[in-house]
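One structure is given here, and the rest of the page talks about it.
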Amino acid sequence: MPEDILHFIWKYRLYHTHDLQTISGKTLSVLYAGVHNDNAGADFLDARIHIGNTEWVGNVEIHVQSSDWNAHRHHHDKAYNNVILHVVYEYDKAISREDGTLPETLELKPLIPVHILPKYREMMSGMYWIPCEKLIHTVPSFQLSQWLSRLLVERFEHRVSAVYELLAQQRGSWEDTCYIWMARSFGFKVNAQAFELLTRVLPQSIVAKHKHRALAVEALFFGQAGMLEDRVFKDDYPQKLQQEYNYLRTLHSLSPMDASAWKFMRTRPSNFPSIRIAQFAALCLKSSHLFSAILDTKEIGGLQSLYEELPVNPYWKEHYQFDTPSSLHGCQFGSRSIDTILINSVAVILFAYGKYIGKEMYIYRAIALLESLKAEDNAVLRRFLALGIQARQAAESQALLQMKAFYCDKKKCLNCSVGLQLIKHNE
């Protein structure tokens, strides 16, 4: 039996609390279980407990067996002299503190309701897609909704750390940080790193100097992407790009990235990096100061319009790659792709900025943005739907993805509100 389940039982008082007695026969009343300690030292800090006629404030140590106290060498550690209660699943041996005194001990084994441990073992040992696969549909919708709201904020907190790391690298420039972060979202999962590398070898300051000329901006992006290197083109458009890039490359002392970083395999033609680079170049032409535009745009329609009707070169309506003609097709973002960028890039930037400057207005706008967008559609969310859990909007789909990756996959049911409800309550 892992100690974690005993921590869980103690923290949430999932044991019979009436007429408690210590091993020595003293009456016991738990006023406050204490603060769960994830660092070195006792398991719970600053607990308040009545033992006999005395109220104690101090630490609580938890073990599966009382003899684990000695096995962990607490009897030689002065730090455990302030333990006011030793909580064990099974009392098998008397132990003492470093100063020779005996801590009062509570044995949980006869106090734990019969359904808790079997349900926990079933969830931990089952080979299910998620540990609570057979039970999650029984969790009340209100409690699940509350948990998903917490998970959404947790997902933001997890993701903004990457934004702050990028901000430090860009010496506090939010415009440059947004430029790189936004580029990553244009690469989606497959080419996110390649897009980031592109923006690092092509600073926004250089792009800004040529924003009055579309051909120059497009040449800079395709040239720095390594797509104009060592090639003889047949079509007029790439020939012009190559000629323009050769001039700009010398002017700004530029060195292109390795074109092999771009992945065309296992992507649909509409997601080819050549198309996405053309769209990102068009976005930079359309929005002079993208970060400022995001901050100043309060309505979801306005944010979506930033990515609509981009001035993409008409060449890409009949090509997915240079010198390779294709049937006529659209070269604008679809609504789903725009929503994906808003979810993974714009909302995260808003949340990160709001937290960084201490203005909740931007944090609330980030959350409201996800609450106004449709839920994502992927294999994970379809599997949740099959279990009776439907994401109604992007805020809930993001929360479910957070739960799956950081709780379900790691079997952290004892840290999950869904796990708490399922283990705590008998069917």
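Between Tyr320 and His329, the ring-plane angle classifies as parallel under the 30° and 60° cut-offs. The aromatic rings of His210 and His212 sit parallel to each other, their planes meeting at less than 30°, with 60° as the upper class boundary.
For Arg382, the CZ atom counts as densely surrounded, since its 6.0 Å shell holds more than 12 non-hydrogen atoms of other residues, nucleotides or ligands. In the displayed structure, Lys374 atom NZ is contacted under 6.0 Å by at most 12 heavy atoms of other residues, nucleotides or ligands. With a 6.0 Å radius and a threshold of 12 heavy atoms from other residues, nucleotides or ligands, Phe233 has its CZ atom above the threshold.
Judged purely by atom type and a 3.5 angstrom limit, Thr54 has no side-chain atom pairing as donor or acceptor with the backbone of His50. Distance alone, capped at 3.5 Å, places no donor-acceptor pair between the Gln143 side chain and the Gln421 backbone. Using modelled atom types, no side-chain atom of Arg48 and backbone atom of Glu55 make a donor-acceptor pair closer than 3.5 Å. With hydrogens and angles ignored, the 3.5 Å screen pairs a side-chain donor or acceptor of His319 with a backbone N or O of Tyr315. Judged purely by atom type and a 3.5 angstrom limit, Asn246 uses its side chain to pair as donor or acceptor with the backbone of Gln242.
Annotation for Tyr307 and Ile294: closest pair OH-CD1, 4.2 Å, computed over non-hydrogen atoms. Nearest heavy atoms, Ile343 versus Arg159: O-NH1, 4.3 Å.
Ion pairing of Glu371 with Arg392 is absent here, as no side-chain N (NZ or NE/NH1/NH2) approaches a carboxylate O to less than 4.0 Å. Salt bridge present: Lys404 and Asp409 bring a charged side-chain N and a carboxylate O closer than 4.0 Å. A salt bridge links Glu244 with Arg213: at least one charged nitrogen is closer than 4.0 Å to a carboxylate oxygen.
The side chain to side chain donor-acceptor pair (under 3.5 Å) check on Asp68 picks up nothing, with sequence neighbours excluded. Residues forming a salt bridge (Lys or Arg N to Asp or Glu O under 4.0 Å) with Lys286 (at least two apart in sequence, or on another chain): none.
Each of Phe280, Phe272, Tyr179 was scored for a ring pair (Phe, Tyr, Trp, His ring centres under 6.0 Å) with Phe186, with one residue passing: Phe280.
For residues 180-189, every residue pair satisfying the side chain to side chain donor-acceptor pair (under 3.5 Å) rule, not counting sequence neighbours, is listed here: Arg184-Glu196.
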